[in-house]
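Given the structure is predicted, the values throughout are model-derived calculations rather than measurements. First the proteins, then the strands, lettered A, B, ... as listed; each starts at 1. All values below come from the heavy atoms of this structure, side chains included, with hydrogens, waters and symmetry mates left out.
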Amino acid sequence: MTDNNTPTNFIRQIIEEDLASGKHSSIRTRFPPEPNGYLHIGHAKSIVLNFGVAEDYKGQCNLRFDDTNPHKEDEEYVEAIKDDVRWLGYNWAGQYFASDYFEQLCGFAVELIRNGKAYVCDLNADQVREYRGTLTEPGRDSPYRERSVEENLDLFQRMRAGEFEDGARTLRVKIDMAAPNMNLRDPAIYRIRRGVVHHQTGDAWSIYPMYDFTHPISDALEGITHSLCTLEFEDHRPLYDWILDNISTPCHPRQIEFARLNLEYTIMSKRKLTQLVAEEHVEGWDDPRMPTIAGLRRRGYTSAAIRDFCNRIGVTKSDGTVEMSVLEASIREDLDRTAPRRMAVLDPLRVVITNYPEDQEETLVGPNHPKDESMDSRELKFSRELWIDRADFREEANKKYKRLVTGGEVRLRNAYTIICNKVIKDVSGEIKELHCSYDPHTLGRNPEGRKLRGVIHWVSALAAVPAQVRLYDRLFTVPVPDGIKDKPFQEFLNPDSLKVVQAMLEPSLADARPGERFQFEREGYFCRDDKAADKLVFNRIVSLRDSWGKG
RNA sequence: UGGGGCGUGGCCAAGUGGUUAAGGCACCGGACUUUGACUCCGGCAUCGCAGGUUCGAAUCCUGCCGCCCCAGCCA
């Protein structure tokens, strides 16, 4: 869809300059998720950036799993991540794991030790914190900072061999304990983690490298030219560069930071999304209310719409929070063009056409798309008894109300016009059904001398197919759920984020394939749920724009 | 009170000293309409603030103000 008009942003400008100056003859990027959770729309921004840039400048983009912390990671996530990236429409040039480089990483660590630039430190975590100083005070050198190369080599080898307990020692890089940038105060590059099973390397290692050490080296080994990451890593760039400047790698990628995505009425923190799942506020990572790729996919979003969204929001260094309406506009624009139209009554109210023969049923046709004839048409069954939506009838209303009122006439979409003659209520006063009469001369043309109030959708009661329809609303009640001081984000969960209704659908919908999308006219876009494939269940992707009552 | 960033209309975002400050979303008018949809027309900012440089500044300089990130053996 609107993957057209290529975006322009500061990162693309840098790339263009690098290409023009000959600094690089081709570019290579990478998307480097940690496999500790599912991908969300914020990752999509990074994916579209990294893969998009590679595509547009005839370069390559790798998929790399940043799996240096076996504690939090799992194979389940690597498979899910691959699924999501593929679904978004991208193919990676190479698939790697940071753990592929563990042996080489270790070699570079030894190189640093040999050059006197790394040392084994026996301080425990608390002590390291004390020695590090604070934001305003410099730190102090570790008492182990000046160990001999031989001792460091020996100790590091024994760390690797599993001789020491978790937390007993770390390998630290020797930079500057008084650096104003905390990341430069002799950061640890290796920690001991014995007895954990790594999803890729099993129990082969008892030491694991840290992100700050692993990332620049992984980038360099893969020949990454532009290493794109989010703003919080800005302070890490000096360390990224220090690592590459102090070991013998083939190249020195440039790290460039951009702002992560924030979306109103949802949260993007992997940790918090994990909580939503664990605390069962949602049905799982693919709950249609989740901002995860899996959730959006199940909700019925198209990957084209998500790509379009990512291009619409742009890439900058200023953090902001994007309104939901932008995402919604992307999916509406896609589906308006591509989704076949259908009629579905979400809150059924019986209508009896009293002047229509009791045993008669006729077949009408409805175009699948009002503007695209190539999409063909489908059959509609018309009969004496119909369903219309309760919201489409009022006993009385002013002329602003363009629906059915007693004594008023409306068009049944793709069919005849009807006038409501009588309202039947039960003892409690609730409307049970409507008695209407139709005008047999209004098929395909308007009555003369009478003005119609409007057009409403309907379904033949005889042919209707019942189905469950799930109506989704925003997951939270406030724009920034995790931005309110002293209040956990769970307090702002929207109790009405899911409403389940029993609807009556036009018969052709019974054949909908799981995952197939439609526009239910005057209601919104819906997608047949593919998890409940044995039952007829539709998810509302997004409602139609509704300007009623706005002016 | 240390360091690193950011500040263009309600929300994103172009703009890199020289037209009336792009565009999208939202919003407000209006046209069209067998979807209160779509489409189409029209409307909607002087660029955080204050000084300065310049013939000319959102773009350069200075000083304020505001917001974000950093004290994991997480990424």
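- In this entry the distance linking CZ of A:Phe31 with P of B:A75 reads 16 Å, nearest Å.
- Counting non-hydrogen atoms under 4.0 angstrom, A:Pro33 reaches nothing in the nucleic acid.
- A parallel orientation is assigned to the rings of A:Phe520 and A:Phe526, their planes being inclined by less than 30° (bins at 30° and 60°).
- At a cut-off of 3.5 angstrom, counting only N and O atoms as typed in the model, there is no donor on one side facing an acceptor on the other between the side-chain of A:Arg237 and the base of B:G4.
- Atom pair A:Tyr38:OH and B:A75:P shows a separation of 22 Å (rounding to whole Å applied).
- B:U16 sits 29 Å from B:A26 when the C1' atoms are compared, rounded to a whole Å.
- Taking the six-membered ring for Trp and thresholds of 30 and 60 degrees, A:His236 and A:Phe233 have ring planes more than 60 degrees apart, a perpendicular arrangement.
- Atom CE in A:Met324 sits roughly 17 Å away from atom C1' in B:G10 (whole-Å rounding).
- Within 4.0 Å (heavy atoms only), A:Asn414 reaches at least one base atom of the nucleic acid.
- No donor-acceptor pair closer than 3.5 Å links the side chain of A:Glu379 to the backbone N or O of A:Thr363.
- Ranked by how close their nearest RNA chain B nucleotide is to the 5' end, A:Phe10 and A:Ala329 are led by A:Phe10.
- Between A:Phe382 and A:Tyr438, the two ring planes are tilted [angle within 30° to 60°].
- A:Ile313 comes within contact range of the sugar-phosphate backbone alone, with a heavy-atom separation under 4.0 Å but no base atom that close.
- B:G72 has its base syn relative to the sugar, with a glycosidic angle deviating from 0 by at most 90°.
- For A:Arg545, a side-chain nitrogen or oxygen approaches OP1 or OP2 of B:C38 to under 4.0 Å.
- In terms of polar N and O atoms assigned as donor or acceptor, the side chain of A:Asp235 comes within less than 3.5 Å of the base of B:G3 in a complementary pairing.
- Note on A:Arg194: every side-chain N or O is 4.0 Å or more away from OP1 and OP2 of B:C73.
- Ranking B:A26, B:A37, B:U34 by closeness to the A:Ser547 side chain, first place goes to B:A37.
- A:Thr136 has no side-chain polar atom (N or O) that falls below the 4.0 Å cut-off from OP1 or OP2 of B:G3.
- Among the protein residues, A:Gln519 comes within range of the nucleic acid bases, having at least one heavy atom under 4.0 Å from a base atom.
- A:Tyr208 comes within contact range of no nucleotide atom at all, as no heavy-atom separation falls under 4.0 Å.
- Within the structure, every side-chain polar atom (N or O) of A:Thr134 is placed at least 4.0 Å from both OP1 and OP2 of B:G2.
- For A:Val326, whose side chain is taken as the heavy atoms from C-beta onward, the closest listed nucleotide among B:A26, B:C12, B:G24 is B:G24.
- Residue A:Thr417 is classed as having no contact, given no heavy-atom separation below 4.0 Å to the nucleic acid.
- The side chain of A:Arg260 contributes no N or O atom lying less than 4.0 Å from OP1 or OP2 of B:G5.
- Within a 6.0 Å radius of CZ in A:Arg260, no more than 12 heavy atoms belonging to other residues, nucleotides or ligands are found.
- Counting any heavy atom pair closer than 4.0 Å across all strands shown, A:Val315 reaches sugar-phosphate atoms only and no base atom.
- The side chain of A:Arg193 places an N or O atom within less than 4.0 Å of a non-bridging phosphate oxygen (OP1 or OP2) of B:C74.
- Comparing the C1' positions of B:C41 and B:C67 gives an interatomic distance of 40 Å, to the nearest angstrom.
- Not a single donor-acceptor contact under 3.5 angstrom links the side-chain atoms of A:Arg522 to the base of B:U35.
- A:Gly444 comes within contact range of at least one nucleobase, with a heavy-atom separation under 4.0 Å.
- Counting to the nearest Å, the C1' atom of B:C67 and the NZ atom of A:Lys485 are 11 Å from each other.
- Counting heavy atoms from C-beta on, the side chains of A:Arg545 and A:Arg332 come closer than 4.5 Å.
- In this structure, of B:C73, B:U35, B:G3, it is B:U35 that holds the atom nearest to the side chain of A:Arg341.
- Closest contact between the side chain of A:Asp319 and the listed nucleotides B:G36, B:A75, B:C68 involves B:C68.
- To the nearest whole angstrom, the two C1' atoms, one in B:U59 and one in B:C11, are 24 Å apart.
- Distance CG (A:Asp176) to C1' (B:G3): 13 Å, rounded to an integer number of Å.
- Across all strands shown, A:Leu123 has heavy atoms under 4.0 Å from base atoms, whether or not it also approaches the sugar-phosphate.
- OP1 or OP2 of B:G72 sits under 4.0 Å from a side-chain N or O of A:Arg132.
- Projected onto RNA chain B by closest heavy-atom contact, A:Asp336 and A:Ala168 fall at different nucleotides, the more 5' of which corresponds to A:Asp336.
- Ring planes of A:Tyr240 and A:His215: tilted class, angle from 30 to 60°.
- B:G7 and B:C60 have their P atoms separated by 12 Å, with the value rounded to a whole Å.
- A:Glu75 and A:Gln200 are linked by a side-chain donor-acceptor pair at a separation below 3.5 angstrom, with hydrogens and angles left out of the test.
- Interatomic distance, CZ of A:Arg147 versus OH of A:Tyr119, reported as 10.0 Å (0.5 Å rounding).
- Distance from the side chain of A:Arg403 is smallest for B:G36 among the nucleotides B:C73, B:C25, B:G36.
- One atom, CE of A:Met177, and another, C1' of B:G2, lie 15 Å apart when rounded to the nearest Å.
- Taking only distance into account, the side chain of A:Lys371 meets the base of B:C38 through a donor-acceptor pair shorter than 3.5 Å.
- For A:Met210, the side-chain atoms get nearest to B:C73 when compared with the rest of B:C73, B:A37, B:C25.
- For A:His457 and B:A37, a side-chain-to-base donor-acceptor distance below 3.5 Å is absent, hydrogens and geometry of angles not being considered.
- Nucleotides B:G43 and B:A22 have their P atoms positioned 12 Å apart, rounded to a whole Å.
- Using a 4.0 Å heavy-atom cutoff across all strands shown, A:Leu443 reaches at least one base atom of the nucleic acid.
- In the set B:A71, B:C69, B:C38, the nucleotide with an atom closest to the side chain of A:Glu232 is B:C69.
- Scanning atom types as modelled, one donor and one acceptor separated by under 3.5 angstrom connect the side chain of A:Glu323 and the base of B:G10.
- Taking the side chain of A:Glu234 as heavy atoms from C-beta on, and the options B:U35, B:A71, B:G5, the nearest nucleotide is B:G5.
- Among the atoms of the strands shown, none is found under 4.0 Å from any heavy atom of A:Met343.
- Checking the phosphate oxygens (OP1, OP2) of B:A13, a side-chain nitrogen or oxygen of A:Thr316 falls inside 4.0 Å.
- Nucleic acid contact class of A:Tyr401 (heavy atoms, under 4.0 Å, all strands): base.
- At least one side-chain nitrogen or oxygen of A:Arg129 sits closer than 4.0 Å to the OP1 or OP2 atom of B:G72.
- Applying the Watson-Crick and G-U wobble criteria (two distances, each under 3.5 Å), B:G15 pairs with B:U8.
- Here A:Thr321 does not reach the OP1 or OP2 of B:C12: none of its side-chain N or O atoms lies under 4.0 Å away.
- For the pair A:Leu263/A:Pro291, no side-chain contact is recorded, criterion being any heavy-atom separation below 4.5 Å from C-beta on.
- Across all strands shown, A:Ser318 has heavy atoms under 4.0 Å from sugar-phosphate atoms exclusively, and none from any base.
- A:Gln13 comes within 4.0 angstrom of a base, heavy atoms only.
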